[in-house]
Colleague: 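The structure's right below; bear with me while I get my questions together.
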Amino acid sequence: MTDCQLYLITPPAIDDVDAFASLYADVLAAGADTPAQIACLQLRLKDVPDEAVLRAADALLPLCQRFDVAFLINDHPHLARKAGADGVHIGQSDTPYDEARKILGPDASIGVTCHNSTHLAMEAGEAGADYVAFGAFYPTGTKQVVHRAEPDILDFWSKATTVPCVAIGGITPDNAAPLIEAGADFIAVSGAVWNAPDGPVAAMGRFAAVLGNKR
Ligand SMILES: Cc1ncc(COP(=O)(O)OP(=O)(O)O)c(N)n1
Ligand SMILES: Cc1nc(C(=O)O)sc1CCOP(=O)(O)O
Ligand SMILES: [Mg+2]
């Protein structure tokens with residue numbers, strides 16, 4: 001079994017929060033005690049009012065706590081603090097790391113998007129980021145991306161530092177293996193779970209199989 005873990009990101013829009021929370025509970029249960037056990041859920045709602053983020057957080061945080069899953073909110077450190085989240089993920093055009101750390105304090109988990117740049121990752125790591133995220137590794141329909149990363153950045157990073165690295169971008173059970181083998185500590189996925197033709201629970205089984213292989 002690899003030591004790479006699954007980092008789940010919500011869809012960018014959730015129309016029915018209660019229905020999504022129920023589906024997320026099924027996904028949590030499907031991954032529990034398997035190699036696809038979810039390590040972190042990121043709430044990544046885009047272009048919605050703060051109230052919508054907080055409403056979704058209220059529904060999802062208790063489920064994360066029940067399954068010992070870290071709960072991060074994307075982009076907004078103030079909302080992460082207000083929601084009682086475990087941390088925030090920030091990109092290069094979001095709140096700067098130092099400001100996010102001031103807002104959330106020393107015990108929060110703060111992840112930083114570093115695209116395909118070891119320079120950005122070194123800066124984030126030296127500043128105190130809890131993880132760095134590299135991507136996009138594959139084409140994705142979830143986000144308009146301009147940067148492409150190759151697995152060798154994961155190999156370099158995992159040999160050069162102890163700061164955990166997250167791989168993201170178009171990751172599926174069929175293309176995850178090279179990223180896992182290259183040294184990703186986490187694979188961050190969204191569409192491959194939520195948009196799976198046979199449903200998110202079946203997708204979790206496929207991720208368990210690929211994450212269960214020897215690194
Ligand atoms: C784990 C993880 N990695 C990268 C991103 C992308 O963040 P960002 O560049 O700020 O883009 P948006 O997600 O905010 O559109 C992420 N959210 N999570
Ligand atoms: C949110 C995000 N950030 C990316 C980056 O490259 O920084 S790619 C991406 C989309 C992730 O969703 P999916 O697993 O459906 O591709
Ligand atoms: Mg962002």
Side-chain angles (χ1 to χ4, degrees), residues 1-12 27 31 34-44 46 70 72 74-75 87-94 97 109-125 129-197 200 202-215:
M1 177 171 144
T2 76
D3 50 8
C4 183
Q5 299 182 77
L6 190 59
Y7 178 132
L8 193 56
I9 299 180
T10 69
V27 166
T34 80
Q37 182 163 308
I38 298 166
C40 174
L41 176 75
Q42 183 192 126
L43 177 58
R44 180 180 177 266
K46 302 302 281 186
L72 272 60
N74 187 44
D75 288 342
V88 70
H89 183 89
I90 48 177
Q92 294 298 321
S93 56
D94 295 317
Y97 169 83
S109 294
I110 302 181
V112 179
T113 293
C114 297
H115 302 308
N116 55 10
S117 168
T118 52
H119 174 71
L120 288 175
M122 288 292 185
E123 282 186 337
D130 295 282
Y131 69 81
V132 295
F134 294 115
F137 286 95
Y138 302 108
T140 173
T142 301
K143 174 180 169 60
Q144 292 289 322
V145 294
V146 295
H147 299 89
R148 286 301 299 272
E150 296 299 330
D152 59 358
I153 199 167
L154 300 166
D155 180 63
F156 168 83
W157 186 258
S158 58
K159 289 171 180 169
T161 87
T162 57
V163 176
C165 62
V166 175
I168 190 168
I171 301 175
T172 73
D174 294 333
N175 65 26
L179 308 179
I180 297 167
E181 286 151 20
D185 295 292
F186 301 87
I187 52 171
V189 301
S190 188
V193 169
W194 305 118
N195 302 334
M204 289 296 289
R206 292 190 287 273
F207 275 112
V210 70
L211 287 161
N213 294 333
K214 290 273 175 276
R215 189 181 314 242

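Count residues from 1 along the sequence.
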Colleague: Strictly by ring pair (Phe, Tyr, Trp, His ring centres under 6.0 Å), give each pair with a member in residues 163-192 just once, sequence neighbours left out.
Modeller: none
Colleague: Can you tell me how far CG of Leu211 sits from CD of Gln5, rounded to the nearest 0.5 angstrom?
Modeller: 9.0 Å
Colleague: Which residues satisfy the salt bridge (Lys or Arg N to Asp or Glu O under 4.0 Å) test with Asp94, sequence neighbours excluded?
Modeller: none
Colleague: Could you tell me which residues satisfy side chain to side chain donor-acceptor pair (under 3.5 Å) with Tyr97, sequence neighbours excluded, listed by chain and number?
Modeller: Arg101
Colleague: What's the separation between atom CZ in Phe207 and atom OG1 in Thr172, rounded to the nearest 0.5 Å?
Modeller: 6.0 Å
Colleague: Please name all residues satisfying side chain to side chain donor-acceptor pair (under 3.5 Å) with Arg206, sequence neighbours left out, ordered by chain then number.
Modeller: Asp198
Colleague: With sequence neighbours left out, what residues match Ala177 under side chain to side chain contact (heavy atoms under 4.5 Å, CB included)?
Modeller: Glu181, Val210
Colleague: Once salt bridge (Lys or Arg N to Asp or Glu O under 4.0 Å) is applied, do any residues pair with Lys143, and if so which ones, sequence neighbours excluded?
Modeller: none
Colleague: Which label fits His89 and Tyr131: parallel for a plane angle under 30°, tilted from 30 to 60°, or perpendicular past 60°?
Modeller: parallel
Colleague: Can you tell me how far apart CG (Leu179) and CG (Asp185) are? Round to the nearest 0.5 Å.
Modeller: 12.0 Å
Colleague: Which residues pass the side chain to side chain donor-acceptor pair (under 3.5 Å) test with Asn74, sequence neighbours left out?
Modeller: none
Colleague: Sequence neighbours left out, cut at 3.5 Å: what donor-acceptor pairs do the side chains of residues 145-159 make with other protein atoms?
Modeller:
residue: His147; atom: ND1; partner: His115; partner atom: ND1; Å: 3.4
residue: Arg148; atom: NE; partner: Ala136; partner atom: O; Å: 3.1
residue: Arg148; atom: NH2; partner: Phe137; partner atom: O; Å: 2.7
residue: Asp155; atom: OD1; partner: Lys159; partner atom: NZ; Å: 2.8
residue: Asp155; atom: OD2; partner: Lys159; partner atom: NZ; Å: 3.2
residue: Trp157; atom: NE1; partner: Thr161; partner atom: OG1; Å: 3.2
residue: Trp157; atom: NE1; partner: Val163; partner atom: O; Å: 2.8
residue: Ser158; atom: OG; partner: Leu154; partner atom: O; Å: 2.8
residue: Ser158; atom: OG; partner: Asp155; partner atom: O; Å: 3.1

Colleague: With sequence neighbours left out, what residues match Glu123 under side chain to side chain donor-acceptor pair (under 3.5 Å)?
Modeller: His119
